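Report on the structure given below.
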Amino acid sequence: MDKTFQPADIETRWYKEWEENGYFAPQGGEKAYSIMIPPPNVTGSLHMGHGFQEAIMDALIRYHRMLGDNTLWQVGTDHAGIATQMVVERQLEAQGISRHELGREKFIDKVWEWKEESGGTITRQLRRLGSSLDWSRERFTMDPGLSAAVQEVFIRLHREGLIYRGQRLVNWDPALHTAISDLEVIAEEEQGHLWHFNYPLLGGEGHLTVATTRPETMLGDSAIAVHPEDERYAHLIGRRVQLPLCDRDIPVIADEYVDREFGTGCVKITPAHDFNDYEVGRRHGLPMINIFNDDAAINDSAPQAYRGLDRFEARKRVVADLAALGLLDKVQAHTLKVPRGDRSGVVIEPYLTDQWYVDARKLAQPAIAAVENGDIQFVPKQWENTYFAWMRDIQDWCISRQLWWGHRIPAWYDPEGKIYVGESEAAIRQEHKLGDEVVLRQDEDVLDTWFSSALWTFSTLGWPEETPELAVFHPSSVLVTGFDIIFFWVARMIMMTLHLRQEVPFHTVYVHGLVRDGEGQKMSKSKGNVIDPIDLIDGITLDELVSKRTTGMMQPQLAAKIEKATRRQFPEGIAPYGTDALRFTYYSLASTGRDIKFDIGRIEGYRNFCNKIWNAARYVLMNCEDQDCGLDSTAPVELSLADRWIRGKVQETAAEVAHAVSQYRFDLASQSLYEFVWNEYCDWYLELSKPILWDEEASADAKRGTRQTLIRVLEIWLRLLHPLMPFITEEIWQSAAPLAGKSGATIMLQPYPQRDDGELDENANADIDWLKAVIVGIRNIRGEMNISPGKAIPVVLRKGNDSDRRRLAENSPYLKKLAKLADIAWLPDDTEAPMAATALAGELEILVPIAGLIDKEAEITRLDREIKKLENDLSRLRGKLSNAAFIDKAPADVVASERDKLRAQELSLETLQEQMQRIRSI
RNA sequence: AGGACUAUAGCUCAGUUGGUUAGAGCGCUACCUUGACAUGGUAGAGGUCCCCAGUUCGAGCCUGGGUAGUCCUACCA
């Protein structure tokens with residue numbers, strides 16, 4: 001074995017081995033356990049959030065697989081309608097081709113080509129993370145099977161009246177020329193203006209002043225609204241005003257929607273271009289005047305002068321023209337929320353079109369109930385509130401998109417505009433007995449990507465066929481996802497699955513936090529702070545990292561700043577840390593209910609942990625290979641104190657890990673393992689094994705016992721650790737397992753260690769605690785007195801009780817080796833103690849004689865510090881115990897333990913004070 | 001406007017039903033190339049648990065109020 005752990009070869013080698021041997025596929029077992037991967041964008045690439053999410057899922061999957069469950073991790077990718085179409089359109093644009101020139105079919109061919117070309121990136125990256133996905137069952141949302149499921153659902157819901165087509169205002173993206181759902185609109189505060197305009201009253205006396213942030217929409221105004229109880233305007237209700245710039249007049253209406261306090265208390269009503277105005281318009285039967293075309297340029301419904309102008313250009317013209325007419329009252333600076341498309345970034349326009357909708361209200365009821373009654377549980381629980389809040393006020397879901405890439409809506413229209421929904425034109429003709437003379441035209445639109453995602457847990461298992469997989473693996477066990485898609489995806493999956501299958505899609509939703517950069521900033525391309533998890537695994541040079549962060553930017557002017565920040569933050573680039581270290585970092589940061597600030601220092605620490613594991617294994621193998629490790633069950637074995645202790649400790653660790661995983665507390669699981677491996681197994685047990693293995697006088701039985709313990713405990717904790725660090729554990733396990741009497745092709749399919757209480761040994765724990773206390777006491781004196789670690793020193797023990805004597809008798813070889821002692825002696829109580837530095841282990845005094853070793857002043861300082869600390873504690877304890885209320889009301893065992901503590905500390909203080917006097921007297 | 005979350009060592013974070021002296025990693029200081037490991041070892045320094053009040057024998061933890069920050073939802077003509 002190499003002296004340092006080299007992850008790269010090991011990782012690729014083992015992943016290939018696992019995949020080729022089909023270890024990722026379900027293997028049977030009584031209980032089923034399944035997770036459906038949140039399908040990443042097929043042409044996307046892995047980011048830190050994915051890395052985190054996959055790590056969590058893989059740990060759960062590997063854990064359950066080792067528990068013997070029939071475990072499926074369903075893999076697949078999403079066609080990501082808008083995102084993918086945009087990428088391909090941009091590529092074509094670069095070649096000077098528009099998709100319209102190309103035509104629908106050829107364009108879709110291009111997208112499929114791009115999918116084939118780049119679709120491997122994300123799946124390669126998933127493999128690099130060690131994700132034990134069942135690749136034999138890989139699905140894609142536009143596979144024939146999944147597409148059939150989508151069509152089936154659309155037809156069914158349409159027949160049930162849960163999908164309908166209607167004309168209403170939608171969020172229109174004028175750049176992408178498609179409707180989008182409410183969720184795809186991001187409203188951000190921006191600086192704008194509030195323009196005040198005068199609309200002259202018809203009949204000549206005076207005007208009404210309206211305030212607006214969108215002057216250009218006045219071309220589509222249908223009314224002026226005031227509050228019905230606003231006495232300022234009450235007399236004008238029912239009158240008409242002249243709409244400036246347009247050759248028409250509009251009524252003054254009363255509606256409670258109007259806020260009297262805002263602006264002038266008069267609102268211009270533009271029903272075709274504002275969601276609130278739309279409702280007002282409907283209530284009052286106002287005409288809906290659409291003044292925009294698909295690009296949000298002014299159309300022919302507006303006066304000649306503005307036709308063809310872009311909306312922002314039109315705004316300037318309208319303001320200028322009104323000013324010229326003397327109708328501009330004033331302009332105020334105003335902060336407003338501007339709705340922008342989450343993909344295109346352009347301002348979204350409320351726009352009147354025909355679209356398809358899902359009646360979400362009806363579907364929401366059972367979906368709310370399923371969470372209320374605990375059929376589905378969120379972890380952490382507070383997300384249930386978020387879910388309820390949204391579900392109880394859910395709006396109908398606009399599912400049609402004016403795109404080409406996606407599932408085409410299975411609806412056809414006859415020349416009269418009658419709608420037919422069915423699986424094909426032929427089927428529809430047959431069902432409705434339509435002859436060839438009736439021309440049918442299929443709907444041009446495709447479905448929102450999230451429509452197919454909503455079916456994911458069951459469409460991937462073969463639905464609408466009632467397949468065996470569906471029976472076994474559905475509902476899935478847990479959904480692991482980010483809070484940002486609770487509405488987009490989680491809620492819709494719950495609604496659709498309950499409706500179509502009368503069962504939940506999953507029992508638990510584990511909601512993890514967002515992975516942010518070291519400063520707590522969201523990682524984004526435009527901020528230039530993105531870290532690719534693969535770069536943490538394989539490493540990257542500074543120059544490559546800079547170029548990765550600064551090429552293909554939407555805002556190239558930021559490149560210089562990003563380069564500077566990157567060079568400052570990663571002066572040496574990023575070292576290759578390996579997958580196991582990256583994964584362990586994720587786990588250690590995965591406490592629930594908070595975001596993750598990714599600190600590069602952590603991964604370095606866990607890379608070091610890998611190295612520690614590696615070297616501990618080297619030590620064990622070095623001492624066990626070709627040696628008698630007690631495999632022969634008839635050979636007598638003698639277990640040392642340390643052997644008995646560590647055999648118990650590894651069981652305690654198994655229990656802690658199991659508990660933590662059951663609560664999805666991977667931070668606690670990883671911490672338990674880290675502490676056990678490093679602080680117990682390596683720091684103490686390996687050191688305690690040396691006195692036995694290296695002692696020529698130790699018996700063969702004792703050596704056999706220690707070797708057996710070394711290798712067996714190693715083999716157990718490798719399995720405990722495997723779900724978190726799959727590669728290093730497999731690599732070492734291959735060598736270690738045979739020596740521990742285990743056989744098997746892979747650690748992956750070994751049973752997960754279950755706590756064995758028979759191995760716990762409380763006596764051994766107590767003795768080891770004593771041993772540690774004595775050793776640490778001596779080391780402390782050494783460290784503080786600057787006694788060279790190489791120098792063997794004599795130690796004298798004094799006072800103490802029978803168990804101290806027994807422990808000394810049994811453990812002096814350990815003490816001599818680990819504390820580097822020349823000699824250790826017991827001093828009878830009635831003997832005068834030599835001049836010495838003192839440490840305490842309970843009642844036991846540990847004395848390191850001064851002569852020639854100890855600096856008197858330094859020891860006085862050290863004792864003084866100890867005494868002060870004790871005095872502080874004592875005064876608090878005495879105060880507590882002299883409080884009658886405490887004695888009366890606190891539980892008896894708490895009071896008793898405080899009293900014990902007081903006694904012990906008083907004794908310690910006395911001892912140290914005596915010691916202080918003696919030192920001072922020389 | 002409503003709601004959620006967060007505030008603990010220089011930094012990143014744990015801290016269970018309220019009960020020893022509040023912990024870990026990184027960083028820092030001193031010493032150490034000892035036969036698994038310097039990606040290491042030993043020892044050490046470092047805390048007003050955001051603030052105020054309350055409940056309690058006892059509060060980092062519970063209650064109320066406040067401050068600061070992050071986020072979500074809705075609305076702002």
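Heavy atoms only: backbone and side chains are in, while hydrogens, waters and symmetry mates are out. All values reported here derive from a predicted model rather than from experimental measurement.
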Distance from A/T579 atom OG1 to A/I537 atom CD1, nearest 0.5 Å? 3.5 Å

Hey, could you give me the CZ/CH2 distance between A/R315 and A/W195, rounded to the nearest 0.5 Å? 5.0 Å

With a 3.5 Å limit on both atom pairs, tell me what [N] is paired to, counting Watson-Crick and G-U wobble, or say none.
N	result
B/U33	none
B/C71	B/G3
B/C50	B/G66
B/U20	none
B/C76	none
B/U39	none

Candidates [options] - which lies nearest the side chain of [X]:
X	options	value
A/Q905	B/C37, B/U21, B/G25	B/U21
A/K597	B/C71, B/C75, B/U12	B/U12
A/Q671	B/C57, B/A14, B/A36	B/A14
A/L589	B/U12, B/A36, B/C72	B/U12
A/E687	B/A14, B/A36, B/U73	B/A36
A/F262	B/C76, B/A36, B/A14	B/C76
A/D599	B/A36, B/A14, B/U12	B/U12
A/D683	B/U42, B/U21, B/A36	B/U42
A/R607	B/U21, B/U39, B/A36	B/U39
A/T386	B/A14, B/C37, B/C72	B/C72

What's the [atom1]-[atom2] distance between [X] and [N], to the nearest Å?
X	N	atom1	atom2	answer
A/E866	B/A45	CD	P	9 Å
A/W614	B/G40	CH2	P	17 Å
A/E279	B/C75	CD	P	11 Å
A/F609	B/A36	CZ	P	19 Å
A/I486	B/G3	CD1	C1'	14 Å
A/I778	B/C31	CD1	P	23 Å
A/N872	B/A22	CG	C1'	16 Å

Does the aromatic ring of A/W383 sit over the six-membered base ring of B/A4, closer than 5.5 Å centre to centre and tilted less than 30°?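 A/W383 ring does not meet the centre or angle cut-off for B/A4; no stack.
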
Look at the side-chain N and O atoms of [X] and state whether any lies under 4.0 Å from the OP1 or OP2 oxygen of [N].
X	N	result
A/W678	B/G41	yes
A/K880	B/U20	no
A/N883	B/G58	no
A/R899	B/U20	no
A/K337	B/C76	no
A/K820	B/U42	no
A/N780	B/G44	yes
A/R602	B/C13	no
A/K3	B/C37	yes

With distance as the sole criterion, do the side chain of A/K612 and the base of B/C37 form a donor-acceptor contact below 3.5 Å? yes

Assess whether one donor atom and one acceptor atom, taken from the side chain of A/Q395 and the base of B/A74, lie less than 3.5 Å apart. no

Would you indicate whether the side-chain heavy atoms of A/I10 and A/I728 approach each other to under 4.5 Å?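 No, their side chains stay 4.5 Å or more apart.
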
Could you please spell out the steps behind the side-chain hydrogen bond (donor to acceptor under 3.5 Å, both in side chains) verdict for A/S689 and A/Y619? CA-CA 11 Å; A/S689 74; A/Y619 169 81; 2.7 Å; yes

Are the ring centres of A/W614 and A/F5 closer than 6.0 Å? yes

State whether A/Y674 and A/K612 meet the cation-pi test: NZ (Lys) or CZ (Arg) under 6.0 Å from the six-membered ring centroid, and within 45° of the perpendicular axis.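 No - A/K612 does not lie over the ring of A/Y674 by the 6.0 Å and 45° rule.
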
Scan A/C610 against the nucleic acid and name what it touches under 4.0 Å (heavy atoms): base, sugar-phosphate only, or nothing. nothing

Over all strands shown, is A/L621 touching base, sugar-phosphate only, or nothing at heavy-atom distances under 4.0 angstrom? nothing

Between A/A187 and A/R779, which is nearer to the 5' end of RNA chain B once each is assigned its nearest nucleotide?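 Checking each residue's closest nucleotide, the 5'-ward one belongs to A/R779.
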
On RNA chain B, nearest-nucleotide positions of A/A617 versus A/D274: which is more 5'?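 With A/A617 and A/D274 compared, the 5'-side residue is A/A617.
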
So, applying ring-ring contact (aromatic ring centres under 6.0 Å, His included) with A/W390, which one of A/W383, A/F487, A/W397, A/F483 is it? A/F487

Ion pair check, A/R283 and A/E256, cut-off under 4.0 Å: no

